[in-house]
Amino acid sequence: MYMTTAELREAFLSFFKQQEHQIVASSSLVPHDDPTLLFTNAGMNQFKDCFLGTEKRSYTRAVSSQRCVRAGGKHNDLENVGYTARHHTFFEMLGNFSFGDYFKHDAIRYAWQFLTEVVKLPKERLLVTVYESDDEAFDIWAKEIGVPVDRIIRIGDKSADKPYESDNFWQMGDTGPCGPCTEIFYDHGEHIWGGPPGSPEEDGDRFIEIWNLVFMQFNRQSDGTMEPLPKPSVDTGMGLERIAAILQGVHSNYEIDIFQFLIKATATILKVSDLTDKSLRVIADHIRSCSFLIADGVMPSNEGRGYVLRRIIRRAVRHGNKLGADKPFFHLLAKGLVTEMGAAYPELAQQLPVIEKVLLVEEEQFLRTLDRGLALLDEALRGLDGDTVPGETVFKLYDTYGFPADLTADIARERELNIDQDGFDKAMEQQRQRAKQANQFGVDYNQNIAIDGKSEFKGYDATEYPASVVAVFTKDGESVKGLETGADGQVVLDNTPFYAESGGQCGDMGELLMEDGSFVVTDTQKSGDAIVHIGYVSQGEIHVGEALSAKVDEVRRNSIRLNHTATHLMHAALRKVLGEHVQQKGSQVAPERLRFDFSHFESISGNSIRTIEQLVNEQIRANYSVQTKLMDLDEAKASGAMALFGEKYDEKVRVVGMGEFSTELCGGTHVERTGDIGLFRIMSEGGIASGVRRIEAVTGRYALDSLYNLADQLNEVSGLVKGDMSSARDKVQQVVERSKWLEKEVERLNAKLTALAGSSLAEQAIEINGVKVLVSQLEGTSPKALRSTVDDLKSKLGTCVVALATVSDGKIGIAVGVSKDATSKVKAGELVNVVAQQVGGKGGGRPDFAQAGGSDEAALPAALESVTPWLQERL
């Protein structure tokens with residue numbers, strides 16, 4: 001039966017809802033509090049803590065359609081995208097999950113029922129695989145579902161010395177939850193080449209995996225031991241694009257409705273008639289990953305997630321370039337993507353202005369990079385010895401300047417040249433190894449602190465609360481019964497007023513007061529549903545089961561509360577002044593200041609900063625009551641409360657409101673009334689990444705202290721200019737004007753001295769084949785004065801080459817002049833770089849005049865001595 005992609009997504013969610021599964025919204029592409037992943041790449045990522053046992057939810061069955069990206073790190077499909085039928089950087093994973101509820105029988109039954117009854121795939125087209133020793137799964141398929149045994153394939157380990165290394169044995173990592181899996185394949189028919197899984201022809205396209213059912217039943221230890229999990233679970237994944245292709249009667253994912261819409265939109269913009277061109281596929285895929293990554297807060301940069309995003313954008317632009325694009329086009333596709341996917345993912349529409357702006361800026365920047373790369377390639381080819389461009393050159397253009405290797409190959413081919421592909425591949429592999437060694441996305445899952453239960457947070461209404469110790473750990477995470485005086489460790493309580501670091505708010509500090517001792521808390525963090533107090537025993541001992549009093553540092557907490565409430569007010573003010581496109585991209589709420597990162601594409605004027613500051617202070621003076629309500633997540637969003645993309649929320653959320661000015665979802669601590677903040681001051685504003693700005697601000701006594709500090713500085717300046725606070729500005733203006741006049745006078749005198757020196761220099765010129773050559777280092781001359789000196793000498797010498805250098809304040813200045821009639825043999829820009837490269841600098845200019853700088857003063861004499869021999873070869 002034919003189904004659109006949107007209909008299929010909805011059918012999957014509805015089916016499992018009928019089977020008592022909780023529909024859970026897709027999480028962000030940036031994994032929340034997960035250092036093991038570059039991007040969310042599977043539906044189970046957001047449920048990992050549930051499988052690990054460190055998080056308990058109100059449901060034991062879940063279903064989701066999860067947006068995923070595989071374009072970096074371990075899971076990287078980037079180079080295959082557009083050239084195969086089913087590789088994507090962005091895809092949606094349909095999945096149903098059981099957390100200690102149902103297991104193999106129901107998981108298999110639900111999958112078969114959905115495929116054969118809901119979307120009505122013919123049973124005879126389906127075959128399945130199981131792990132070689134999983135007789136239970138085999139029997140369920142054969143005896144309960146009725147799949148013929150000749151269509152149930154056992155898949156074993158890839159080698160005898162590596163147990164459990166199999167396509168049908170899933171592992172979260174080298175340690176942690178794992179187990180056998182069963183995969184469901186669709187047979188496209190005999191007219192497509194390929195064999196069933198496990199056969200020599202399995203890489204063909206006839207049999208396509210559509211659904212993987214993972215049965216988590218073991219916990220793998222670091223020594224390889226497989227311990228049975230107390231509550232076996234289920235994690236399944238089915239690619240939405242793959243199943244959509246089958247239901248829409250096409251073989252390639254790129255032929256389904258959503259891709260055809262994007263491909264046609266691209267072809268219209270670029271005026272391309274051949275809709276089968278692979279570059280159109282690449283662009284259609286990449287607009288999805290780029291748009292969703294930006295919507296989830298990733299911005300192009302030169303490292304980490306931002307670097308991957310930049311690579312994807314540049315790859316799309318390059319393919320547009322191949323199709324004839326001569327101006328920015330990629331950003332224009334974002335609006336069409338919203339048309340296709342905005343209903344399922346409302347954040348796309350909300351972030352559309354940000355997405356379009358980021359893509360446009362990156363595209364314009366890369367188009368300039370292409371021009372620069374072409375110029376650098378031309379230079380490399382001019383000096384080429386032989387007919388092969390070295391692999392190191394190809395890699396440098398790619399790695400340093402973002403110049404694609406395939407473009408280098410195209411240009412080389414046009415000039416009847418080859419590229420050293422092996423050398424390029426070797427350089428790329430060395431880079432991959434460096435990246436792999438520096439990669440921090442890995443962890444031993446068994447090192448996580450797993451607590452069976454949760455800590456109740458009591459800190460909204462109290463800063464001191466009675467509690468009992470439920471668990472004690474060493475600083476390395478080893479569970480112990482207690483800690484002695486001087487020992488560092490971690491303590492979990494049943495109740496606590498300590499706020500664990502979350503949502504940008506830093507963790508509380510304070511003390512756990514025992515009858516005969518004290519545990520000093522230096523930080524508070526979350527581990528699943530447990531709140532972990534990190535610190536040391538200052539006196540006495542602390543033991544599991546001990547009753548104590550948990551006391552937060554109240555002065556510090558109050559300062560944090562002021563800054564957190566002010567952050568909400570500032571966020572609302574930014575959106576009112578700058579526009580609704582402003583979204584939080586990160587924050588840090590500490591006792592002494594607040595830091596707020598947000599999406600915006602230009603610096604903020606002084607007037608706008610003042611307006612934002614005034615708006616916040618108006619809300620403070622209005623002294624609104626800060627209202628908090630506990631609501632269902634969907635109800636809270638429907639009420640207009642702002643949710644932050646990429647943030648993880650429970651089903652029940654706290655809504656924090658301040659009059660009609662600000663309403664946000666927030667689990668942090670806040671003041672009772674806005675007037676408690678006292679005063680708000682913005683201390684700095686600036687850009688930290690493409691499209692991301694940062695504001696730092698202070699409140700309360702810290703804001704007052706900043707005003708006192710300004711007053712002290714003004715008083716000090718007033719004294720220095722012999723005035724008072726009221727006349728300081730005029731006095732400083734007088735000093736500045738006097739300083740400017742003196743600088744100009746010094747420049748004038750320097751120029752006069754240099755001109756005098758130049759007159760005598762002309763007599764030192766030598767002649768090479770009818771061209772007068774003058775090379776000299778001048779003392780006591782500023783780099784600025786060199787130009788006029790070179791011009792004077794050129795007018796005196798006639799046909800000539802003049803190269804002068806000077807050193808001022810440790811900086812080298814170099815100027816080269818070539819008379820017009822000599823530029824056919826010598827270019828000033830080429831000569832100036834010959835000198836500059838020897839002294840740690842670079843420069844450029846016109847054929848008749850060029851300048852450069854440098855820093856290696858000791859190398860300057862030798863560099864100047866090399867000029868005459870260099871000129872003799874050319875003159």
Does the pair T868 and E865 meet the rule for a side-chain hydrogen bond (donor to acceptor under 3.5 Å, both in side chains), with working shown? CA-CA 7 Å; T868 300; E865 287 177 9; over 6 Å; no
Worked verdict on N709 versus S706 for side-chain hydrogen bond (donor to acceptor under 3.5 Å, both in side chains): CA-CA 5 Å; N709 184 48; S706 73; over 6 Å; no
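- Of the possible polar contacts, none joining the S291 side chain to the R288 backbone as a donor-acceptor pair under 3.5 Å is found.
- Checked by atom type and distance alone, the side chain of Q838 pairs as donor or acceptor with a backbone atom of V834 at under 3.5 Å.
- By the 4.0 Å N-to-carboxylate-O rule, K772 lies too far from E767 to be salt-bridged with it.
- Between the side chain of E696 and the backbone N or O of R595 there is no donor-acceptor pair closer than 3.5 Å.
- Under the 3.5 Å distance criterion, the side-chain polar atoms of D809 are left unmatched by any main-chain donor or acceptor of K811.
- Contact annotation: the side chain of F330 approaches that of I287 to within less than 4.5 Å [non-hydrogen atoms, C-beta and beyond].
- More than 12 heavy atoms of other residues, nucleotides or ligands lie within 6.0 Å of CZ in R846, so this atom counts as buried by the packing criterion.
- Between R693 and E685 there is a salt bridge, since at least one side-chain N of the basic residue sits less than 4.0 Å from a carboxylate O of the acidic one.
- In the model, S605 has a side-chain atom that pairs as donor or acceptor with a side-chain atom of S608 under 3.5 Å.
- Checked by atom type and distance alone, the side chain of S599 pairs as donor or acceptor with a backbone atom of Q583 at under 3.5 Å.
- Ring geometry, F90 versus F292: the interplanar angle falls under 30°, so the pair is classed parallel (tilted spans 30 to 60°).
- For the residue pair D420 / T388, no side-chain donor-acceptor distance below 3.5 Å is found, with atom types taken as modelled.
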Begin with the C-alpha distance, continue with both residues' side-chain angles, and end with the deciding distance and a verdict on side-chain hydrogen bond (donor to acceptor under 3.5 Å, both in side chains) for T823 and D848. CA-CA 6 Å; T823 54; D848 62 332; over 6 Å; no
